[in-house]
Each structure stands twice: as C-alpha cells, then as structure tokens.
Amino acid sequence: MVKVITYGTYDLFHYGHQRLLERAKALGDYLIVGVTADDFDKARGKINVEQSLMERIEAVRKTGLADEVIVEEYEGQKIDDIQRYDVDIFAIGSDWTGKFDYLNEYCKVVYLDRTQGVSSTDLRAERNLVRLGLVGRYTGIQKYAAESYYVNGLKVSGAFVDNAELTKKAFPEIEFIADTYDDLLEKVDAVYVVSHPSQHFEHIKKALLKKKHVLCESPIVLNVAQYDELIKLARQHGVVLMDAIKTAYSMAYNRLILLLKGGKIGRIVSVDATCTSLKDFQDSGSPDLVNKWNTICAWGPTAMLPVFQLLGPDYKNKDISSSFIDPSGQFDIFTRITFVYDHAVASIKVGKGVKSEGDLVISGTKGYVYVPAPWWKTDYFEIRFEDTNNNKRYFYQLDGEGIRYELVQFVKAIESGRQSHYILPVVSKAIVEVIEDFYAGKNLISI
C-alpha cells in the first residue's frame, strides 16, 4: 500500500482544493490529509482564516477523497507524521516548490500543480471587502493603518484626523482625507475611533445612526448611560460596536484566559495588573493637556481587562487612589484601584508619568500565573506550582501587538452579524462604570 500525505488550511473549500486532493489521491492507495489548527495558522502568520477547524475538517471529509484526516498543530509535525504513519509520498502545491525538499530524507516529495485563478485569499478579499475609516489622532491611527494591510477583506479607505498632512505622507495608499466626519461616514462601511474619550460618544452615535460598524479604542464612553444608549443603537441598526483593547485578541493572552477559566490554577483569589509608561508624557505646563488621554483612560481599560474577564463585574466594593497634576483633578499621572469580591481581590496600578514593573500576577488555590512586562503585549507566560517540576512555560506568536488579530475579528463580526466574544459587553460596561466613578470622584482619594 502506498501512503500519501498532504497538508493545508482548506479555508472556504473551493475547486482548487478539490483538484489538489484528487491529484494527491492519484499518487497512491491511501491519502492522509492534515488540516492546520487555528493556532498553528496564526503562528505562521495566516490570520485571515474564516472557518473554524471543525468546519474545515468537515469540508475535507465531504470530498470522500481523504482516507484519514489529522490535525497539524506544531512546527516539525510533518516529519513526525511521516514516520508515525509510515508515509511513502509527501504531496503539496507547486507554490511551495523547494520549501519541503528536506523531507526527501524521509519519503518522496511531490509538488503538485495548483489550479490557476482560484484561492481562498482571493475569495475572502472578494467577499468581505470592508472600507474602513480612521477617526482621531494621527499618533493613534498609525499602527492600525499599518496593520490593516495584513488583513484580507479590509481596506483603509479614508481618514478624519488631527494631522492630515502627516497621515497622507505616511500612508499614501489611503484614498482620501476627509474634511469633516460626515464626509468620512458617507464613503466608508466602518470606522476605527481613537479620538479623545470625551468625543467617543458623539463619534460612535453618529456612525451607528448611519449604520456604520464601529471599532472604538477603550473606554468606549465615559458613563454607563451613554454606553447603554450606544449598545441599543447598534442592535437596532444591526451593526457591530466593538471594544478595541488589542491585548484581548493576542494569542498568548487569549489562551491564558481560557486555561485559567478551565481551572488550571484552581480557584482564582487574586489578580494584580500593572500598566505604566513615560512615553509621550507632558507636564502640567503643556497648553494642550486637556486634549491628552489621562492615565485612567489610556491604561485603565487594559489593566481592568483580566480582572473583569476572570473575576467578573460584580465586585462588592472598590477604592480609587490617584495622583493628579492639573487643578481640575481630571489628569491623573498615577491611579491605583482595588476591587474586593466575595472570594477574591484584585488590584490595578496604572501610570502615565510614573514608571513601575508592568507585569501581571494571578494567584489561585493550586498555583499562580506570572506574565512578565509588558504583559499587555506578551508572547509568553508561566504557570507555576508549589512543586516546581510541574511548572510550565507557554510561548505564542505575537504579530502587530495583537492589532491585526483584532482587525480580523472585527471583519468577522461584521460578516457574521454577531458581536465578537473576545470582549463581552458586560466587561466593556464594567470598565466604563469604573471610569465614570473616577470622574465623579466616587470612592476616590487624591494622593
């Protein structure tokens, strides 16, 4: 019996996939098809896969060509599979010519001609083109404009920003710079909002009323009443309103949350998160201080994310301590918030003008998690136990600080008509509530 093995993502299964499997099947008597797992695809930079692993496996099975379907999950697995299944021929598309010659040591390698004129990438781009408009500060949109080029089906068409000249120079691919926000909304399908938090409500509401999808830098708004109004509007008009905390969409952080919710360190009793930066800090003598993001808005949502995702929004009480540099008590350079739950506690420390170790520590009844600084864009974390022999380190690919993954989820939410599950509305609302209390001076002590 001649065994043949081949691998692929098989996203949006099409005629080209069918023909490739037929050619592979014709090479032998038994065909094994490896379907790449979601995480492995992301690690290889293929972040635009639309269908789940099970959907893609089912598409391959329906062809009736695969005698066996396996999942490809890690680098180097091809050699393991060839030896484990006693494979005679490794077959792959001709666009990979030369890439897998090293496998000739283990079996025969055959590069198969691909069907011209069809690919999953092209299908995604044709089906899902979303014209995105960027709204707010030039410094805030830079990374999103750059990362959008990696996302199929998404095109940054226009911008309404504070520095049109710099934006056009840095991103000549952007089709137009709008003179007004209304002009931008007329020409796009969705907007990414990174204006000052005090402007978010106005920008989001206007977009939702025009049935435009919105990805907004957190905090979405500054009070709960406004948040509830916007959520209701988004539902009424059938559009997506999504919280843009990029950390939530990064692979390492997402896997960490799933592991902990599965009880990896037992019952969680403490979450301690620190986010600080001296970058772009301006002192109280700056004439445009009022237009800058203060600490609670710049870092608060990120630091509160693991607290509310792991412990929930139903804390018993909280205390806020802040150091201010302006007479109005609006611009904090440092804030510490403690949350007390029935069976747990949490603490966040955020600073914009104060520097500290930016790590994340989560304590449980069986062990604890340590995520080194800067934890909000980590590709690595450790789970530690009393018996150090059981300690484990986890490594995941991180591209674009999680922004490109965030943009992919935004496009998917638009296509599916369902809100993203990465940051639930209850978490976004809890963040807004804390920030509302900060501005109201509730449970707040000035230090």
Side-chain angles (χ1 to χ4, degrees), residues 1-128 149-153 251 395-397 399 404 408:
M1 177 186 290
V2 177
K3 288 187 176 182
V4 182
I5 195 166
T6 189
Y7 295 85
T9 301
Y10 306 107
D11 190 37
L12 301 177
F13 196 91
H14 52 70
Y15 179 67
H17 292 140
Q18 176 84 18
R19 290 290 295 127
L20 195 68
L21 291 180
E22 289 173 352
R23 294 186 185 109
K25 179 78 169 181
L27 293 174
D29 307 301
Y30 190 89
L31 177 63
I32 302 170
V33 179
V35 180
T36 55
D38 297 337
D39 285 350
F40 187 51
D41 269 328
K42 286 182 180 179
R44 297 186 303 156
K46 297 187 70 172
I47 63 170
N48 296 307
V49 176
E50 291 195 7
Q51 295 177 301
S52 68
L53 176 62
M54 294 311 298
E55 287 174 318
R56 293 182 283 118
I57 288 175
E58 185 60 24
V60 170
R61 283 180 174 156
K62 282 183 178 179
T63 66
L65 295 168
D67 295 287
E68 188 169 351
V69 179
I70 62 175
V71 177
E72 184 182 23
E73 301 180 273
Y74 57 90
E75 195 75 32
Q77 184 178 332
K78 290 180 177 67
I79 294 175
D80 286 347
D81 289 342
I82 288 169
Q83 294 178 327
R84 181 183 300 113
Y85 296 103
D86 195 22
V87 168
D88 301 289
I89 300 172
F90 171 84
I92 201 75
S94 57
D95 53 329
W96 294 97
T97 296
K99 174 71 174 179
F100 296 104
D101 286 352
Y102 70 93
L103 294 177
N104 277 309
E105 181 181 344
Y106 306 95
C107 67
K108 182 180 179 181
V109 176
V110 176
Y111 296 101
L112 302 169
D113 290 337
R114 291 179 62 92
T115 303
Q116 298 300 313
V118 60
S119 73
S120 297
T121 299
D122 291 339
L123 289 174
R124 284 190 294 265
E126 291 171 5
R127 285 178 41 180
N128 310 320
Y149 300 134
Y150 295 94
V151 182
N152 284 331
M251 198 184 308
F395 298 87
Y396 296 90
Q397 182 86 5
D399 296 302
R404 66 183 65 170
V408 167

Chi angles and distances behind the salt bridge (Lys or Arg N to Asp or Glu O under 4.0 Å) call for Glu22, Arg19: CA-CA 5 Å; Glu22 289 173 352; Arg19 290 290 295 127; 2.7 Å; yes
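- Contact annotation: the side chain of Val110 approaches that of Leu27 to within less than 4.5 Å [non-hydrogen atoms, C-beta and beyond].
- Annotation: the span from Ile89 atom CD1 to Lys3 atom NZ amounts to 13.0 Å, rounded to 0.5 Å.
- In this structure, the side chains of Asp88 and Met1 stay at 4.5 Å or more apart for every pair of heavy atoms.
- Nearest heavy-atom pair across Tyr85 and Ile70 is OH-CG2, 3.4 Å.
- Thr36 and Arg56 get closest at one heavy-atom pair: O-NH1, 2.8 Å.
- Just one of Leu103, Ile32, Val2 meets the side-chain contact (heavy atoms from CB on, under 4.5 Å) condition when paired with Val87; it is Ile32.
- Of the inter-residue distances, the one linking Gln18 atom CD with Lys62 atom NZ reads 12.5 Å to the nearest 0.5 angstrom.
- Under the 4.0 Å criterion applied to side-chain N and carboxylate O atoms, Lys78 and Asp81 are not assigned as salt-bridge partners.
- Under the 3.5 Å distance criterion, the side-chain polar atoms of Arg61 are left unmatched by any main-chain donor or acceptor of Val69.
- Scanning all heavy atoms of the two residues, the minimum distance from Val109 to Phe100 falls at CG2-O, 3.5 Å.
- With values rounded to the nearest 0.5 angstrom, Tyr150 atom OH is found 5.0 Å from Arg404 atom CZ.
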Do Ile79 and Gln83 pass the side chain to side chain contact (heavy atoms under 4.5 Å, CB included) test, and can you show the C-alpha distance, the side-chain angles, and the key distance before you say yes or no? CA-CA 6 Å; Ile79 294 175; Gln83 294 178 327; 4.1 Å; yes
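- Among all heavy-atom pairs drawn from Val71 and Ala37, the shortest one is CG1-CB, 3.9 Å.
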Residues Leu112, Ile92; criterion side chain to side chain contact (heavy atoms under 4.5 Å, CB included); working and verdict: CA-CA 6 Å; Leu112 302 169; Ile92 201 75; over 6 Å; no
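- The nearest pair of heavy atoms linking Leu20 to Gly93 is CD1-CA, 4.1 Å.
- Ring geometry for His17 against Phe13 counts as tilted: the plane angle lies between 30° and 60°, on a 0 to 90° scale.
- How far CG of Leu53 is from CD of Glu73: 8.0 Å, rounded to the nearest 0.5 Å.
- Tyr111 and Trp96 make their closest contact through CE2-O, 3.2 Å (heavy atoms, listed as atom of the first residue, atom of the second, distance).
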